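Please read the structure below before turning to the comments.
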Amino acid sequence: DQQVKQNSPSLSVQEGRISILNCDYTNSMFDYFLWYKKYPAEGPTFLISISSIKDKNEDGRFTVFLNKSAKHLSLHIVPSQPGDSAVYFCAASKIQAGTALIFGKGTTLSVSS
Amino acid sequence: KAGVTQTPRYLIKTRGQQVTLSCSPISGHRSVSWYQQTPGQGLQFLFEYFSETQRNKGNFPGRFSGRQFSNSRSEMNVSTLELGDSALYLCASSGRSFSGANVLTFGAGSRLTVL
């Protein structure tokens, strides 16, 4: 039973355009949501997080939106760059679960120049 | 600041053997977590160690174990290896982002192949 789902295995975007990566969750008790990106042969790298009491968090080109009623979050990358090509993982956490994050299975983003 | 270091990066074992993987966290981080990544199940939490004590454990059989030393370095062990244990094993040390989330910094992983 997947608690965090990324329904799009892949996404292709042109350089300079917006990339929107989506994530759905089933458990309304999560306290934080995080996005990680992963390049081949490297570990996942933290991108941005959002508290469950917020609906938006922005960091440079990256913005995460949280829609609690729909149990949905999205990561917007504007403008997209070829170096953004990677696998993006959505993760959810509960404070009492410590570092036991629940990850989605990832979306592969390809940004073409 | 050095990142999370995992050794070995690649290893091949046969069914029934056991394996030990090592992880050195970021200096000053006392929490070390282990994750398993497979194509079918994705990233799954194995366990977390904090100050040499297991603080949390995921849903894995007892063949998977770990420990942490006084210098925060951690090892995980898998005994009686099965084909399904072939995976990328990721270690992470943690600190908090300003938002309060538990942010994990991952190592590059140890790729285990079981034949």
Side-chain angles (χ1 to χ4, degrees), chain A residues 1-7 9-10 23 25 30-60 62-64 66 73 86-108, chain B residues 3-7 9-10 21 23-26 29-51 53-60 66 68 74 88-111:
Chain A
D1 178 32
Q2 271 188 278
Q3 296 188 61
V4 177
K5 292 182 183 179
Q6 294 177 256
N7 292 317
S10 62
C23 179
Y25 61 94
F30 288 127
D31 297 299
Y32 289 98
F33 300 92
L34 305 93
W35 286 92
Y36 282 81
K37 75 174 181 182
K38 186 179 185 301
Y39 294 117
E42 296 183 14
T45 303
F46 171 72
L47 269 177
I48 191 169
S49 65
I50 187 169
S51 164
S52 62
I53 63 173
K54 304 284 189 184
D55 53 21
K56 178 182 175 181
N57 188 28
E58 192 171 354
D59 184 2
F62 302 92
T63 303
V64 57
L66 177 61
L73 66 155
V87 180
Y88 288 77
F89 293 96
C90 167
S93 75
K94 299 178 190 177
I95 291 175
Q96 67 266 34
T99 61
L101 304 186
I102 298 175
F103 283 86
K105 293 195 176 181
T107 297
T108 300
Chain B
V4 178
T5 304
Q6 292 188 244
T7 56
R9 289 293 310 277
Y10 303 92
L21 309 176
C23 172
S24 293
I26 290 173
H29 283 188
R30 292 160 61 191
S31 167
V32 174
S33 303
W34 289 88
Y35 281 78
Q36 181 196 64
Q37 184 182 20
T38 60
Q41 299 300 319
L43 277 151
Q44 293 186 289
F45 173 76
L46 280 157
F47 29 66
E48 180 202 359
Y49 285 86
F50 184 88
S51 294
T53 300
Q54 187 181 89
R55 190 155 73 169
N56 201 357
K57 188 177 191 303
N59 189 26
F60 279 82
Q68 187 180 33
S74 176
L88 180 66
Y89 290 88
L90 291 159
C91 169
S93 66
S94 67
R96 291 194 181 270
S97 75
F98 72 91
S99 72
N102 219 334
V103 174
L104 302 182
T105 302
F106 285 90
S110 293
R111 170 76 62 184

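Labels below follow one simple rule: chain letters A, B, ... track the order of the sequence lines, proteins then strands, and each chain is numbered from 1. As the structure is a prediction and not an experimental result, all values here were calculated from the model.
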Which residue in the set Phe89(A), Tyr36(A), Phe46(A) passes ring pair (Phe, Tyr, Trp, His ring centres under 6.0 Å) when paired with Phe106(B)?
Tyr36(A)
Under the criterion side-chain contact (heavy atoms from CB on, under 4.5 Å), which of Leu34(A), Thr45(A), Leu101(A) is the partner of Leu104(B)?
Leu101(A)
How many angstroms lie between NZ in Lys38(A) and CG in Leu43(B), if you round to the nearest 0.5 Å?
8.0 Å
If I compare all heavy atoms of Pro44(A) with all of Leu90(B), which pair ends up nearest, and what's the gap?
CD-CD1, 3.9 Å
Bottom line for Tyr35(B): the part with an atom under 4.5 Å from chain A's heavy atoms is side chain
Applying side-chain hydrogen bond (donor to acceptor under 3.5 Å, both in side chains), can you list everything that pairs with Thr99(A), at least two apart in sequence or on another chain?
Ser33(B), Glu48(B)
Mind listing the closest non-hydrogen atom pair of Ala108(B) and Ala41(A) along with its distance?
CB-O, 4.0 Å
Of all heavy-atom pairs linking Ala100(A) and Asn56(B), the shortest is CB-ND2, 3.6 Å
So, the side chain of Tyr32(A) versus the backbone of Val103(B): is there a donor-acceptor pair under 3.5 Å, distance only?
no
At a 4.5 Å cut-off on heavy atoms, which part of Leu88(B) comes close to chain A: side chain, backbone, both, or neither?
side chain
Chain A heavy atoms under 4.5 Å from Arg9(B): which part of the residue, side chain, backbone, both or neither?
side chain
Are the side chain of Lys105(A) and the backbone of Gly40(B) linked by a donor-acceptor contact shorter than 3.5 Å?
yes
Under a 4.5 Å heavy-atom cut-off, does chain A meet the side chain of Gln41(B), its backbone, both or neither?
backbone
Partners passing side-chain hydrogen bond (donor to acceptor under 3.5 Å, both in side chains) against Tyr25(A) (at least two apart in sequence or in another chain)
none
